[in-house]
Amino acid sequence: MTSPDNERQQCASFWGLVPDGETTWRVETTGCDSETSRTWAPGHDGKLKGHLIRWGVAGCWVFKTSGGVVTGQGAAQWGRQLGWPDVAERIDPQD
């Protein structure tokens with residue numbers, strides 16, 4: 001599926017802040033850097049969905065870097081914004 005605004009999506013542009021102790025956090029990425037003219041490289045939408053669910057269940061804040069701008073919000077919100085309501089439901093069934 002191609003992006004309507006021709007924006008190339010990279011699951012590596014998303015990253016989570018994961019607790020690493022009581023007062024410290026570490027950055028966790030999806031670990032990929034594929035780029036494509038389509039919305040997602042094959043299988044990478046699923047890879048990001050899995051990370052969003054894992055990060056969301058852990059209560060992590062999720063960020064996206066695009067054009068030098070960083071945007072952060074909850075994983076469930078990213079799921080809804082990306083058109084994946086099933087991701088938000090798996091993170092918070094009450095959401």
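Small disclaimer: the values here were computed from a predicted structure and weren't measured.
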Euclidean distance, E89 CD relative to R80 CZ, rounded to 0.5 Å: 10.5 Å
Between CG on residue L17 and CH2 on residue W25, distance to nearest 0.5 Å: 7.0 Å
Verdict with reasoning, Q73 to K64, per side chain to side chain contact (heavy atoms under 4.5 Å, CB included): CA-CA 9 Å; Q73 59 187 356; K64 179 183 180 187; over 6 Å; no
Salt bridge (Lys or Arg N to Asp or Glu O under 4.0 Å) contacts touching residues 42-62 (sequence neighbours left out): none
Sub-4.5 Å side-chain heavy-atom contact between F14 and F63: no
Main-chain N/O of L52 paired to W78 side chain as donor or acceptor, under 3.5 Å: no
Contacts of type side chain to side chain donor-acceptor pair (under 3.5 Å), residue W15, not counting sequence neighbours: T65
L82-V57 co-clustered via ILVMFWY side chain contacts under 4.5 Å: yes
Sequence-distant partners of V18, side-chain contact (heavy atoms from CB on, under 4.5 Å), two or more places apart: R26, E28, W55, C60
Which atom of I53 lies closest to which atom of I91, heavy atoms considered: CA-CG1, 3.9 Å
